Enquirer: 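Starting off with a structure, shown below.
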Amino acid sequence: MSEKKTIPKFPLKLLSWFCKPAYHLDIEGDLLELFEIRREEKGYSYARWALWLDVMLLFRPGIIRPIRLLNLLKSPTMYRHNFKLGWRHLIKNKGYSIINIGGLTLGMAVAMLLALWIQDETSFDQFHEKSDQIYTVKR
């Protein structure tokens with residue numbers, strides 16, 4: 001039962017998805033050459049894992065494609081439409097809007113006060129050399 005072991009396709013597909021098209025063919029050719037050399041020297045499983053590692057190490061800013069948003073900022077029609085719908089809903093349901101906005105405001109204020117209190121409690125006497133050995137006695 002000898003089965004022919006081929007080059008793993010998914011790491012190369014992953015590379016083609018994220019690599020700049022100008023660099024893709026050169027990088028893929030180099031990776032395939034390295035895979036063949038490693039397979040002859042150290043075996044198929046080592047060459048497969050080394051190929052995965054090489055592809056993952058190629059995720060650098062100079063090699064990966066720039067991330068482009070779906071041109072959302074070029075067409076503000078959707079934003080304008082959603083803003084109009086939200087504004088109409090606020091005007092139509094004033095009572096519920098006041099309750100919702102008030103609850104959101106109150107929740108954010110409480111969260112900020114809790115964060116400030118926790119920061120104050122954890123930073124107490126941190127300027128001492130042995131601050132981890134200081135204890136407070138409360139009555």
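Counting from 1, the numbers follow the sequence of the chain as shown. Keep in mind that what you see is a predicted model, and the values were worked out from it rather than measured.
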Enquirer: How long is the gap from CD1 on Ile37 to CD on Glu33, to the nearest 0.5 Å?
Expert: 6.5 Å
Enquirer: Is it the case that more than 12 heavy atoms not belonging to Tyr44 sit under 6.0 Å from its OH atom?
Expert: yes
Enquirer: Does a sphere of radius 6.0 Å around NZ in Lys42 hold more than 12 heavy atoms from other residues, nucleotides or ligands, not counting ones at 6.0 Å or beyond?
Expert: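 No, NZ of Lys42 has 12 or fewer neighbouring heavy atoms, counting only those of other groups under 6.0 Å.
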Enquirer: For residues Ile64 and Trp52: do they belong to one hydrophobic cluster (side chain heavy atoms under 4.5 Å, members Ile, Leu, Val, Met, Phe, Trp, Tyr)?
Expert: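 They do share one cluster, since a chain of ILVMFWY contacts under 4.5 Å joins Ile64 to Trp52.
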Enquirer: Do Ile91 and Trp87 have side chains that approach each other closer than 4.5 Å (heavy atoms only, starting at C-beta)?
Expert: yes
Enquirer: In terms of hydrophobic clusters joined by side-chain contacts under 4.5 Å, are Met56 and Leu15 together?
Expert: yes
Enquirer: Nearest 0.5 Å, please: how far is CG in Leu31 from CG in Asp26?
Expert: 11.0 Å
Enquirer: Would you call the rings of Phe10 and Trp17 parallel, tilted or perpendicular if under 30° counts as parallel and over 60° as perpendicular?
Expert: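 Rings of Phe10 and Trp17: perpendicular, as their planes differ by over 60°.
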Enquirer: Say you draw a straight line from OG of Ser97 to NE2 of His89; how long is it, rounded to the nearest 0.5 Å?
Expert: 5.5 Å
Enquirer: Say whether, by atom type as modelled, one donor and one acceptor occur between the side chain of Arg65 and the main chain of Cys19 under 3.5 angstrom.
Expert: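 The answer is yes, because a donor-acceptor pair under 3.5 Å joins these two groups.
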Enquirer: Could you measure the distance from the CG atom of Leu25 to the CD atom of Glu28? Nearest 0.5 Å is fine.
Expert: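 The CG atom of Leu25 sits 7.0 Å away from the CD atom of Glu28.
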Enquirer: What I'd like to find out is whether the side chain of Pro8 reaches to under 4.5 Å of the side chain of Trp49, using heavy atoms alone.
Expert: no
Enquirer: With clusters defined by side-chain heavy atoms of hydrophobic residues (ILVMFWY) lying less than 4.5 Å apart, directly or transitively, does Phe59 cluster with Ile63?
Expert: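 Per the 4.5 Å side-chain linkage, Ile63 and Phe59 are co-clustered.
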Enquirer: When you group the ILVMFWY residues by side-chain heavy-atom contacts below 4.5 Å and let the links chain together, are Leu32 and Phe18 in the same group?
Expert: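 Linked, Phe18 and Leu32 end up in one cluster.
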Enquirer: How about Met108 and Leu104: do any of their side-chain heavy atoms sit closer than 4.5 Å?
Expert: yes
Enquirer: With a 4.5 Å cut-off on side-chain heavy-atom distances among I, L, V, M, F, W and Y, is there a chain of contacts connecting Leu12 to Leu53?
Expert: no
Enquirer: Hey, what do you get for CG (Leu34) to CZ (Arg38), rounding to the nearest 0.5 Å?
Expert: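 That separation rounds to 4.5 Å.
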Enquirer: Rounded to the nearest 0.5 Å, what's the gap from CD on Glu40 to CZ on Phe35? Could you check?
Expert: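 Here the rounded value is 10.5 Å.
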Enquirer: Are there over 12 heavy-atom neighbours, none belonging to Gln119, within less than 6.0 Å of that residue's CD?
Expert: no
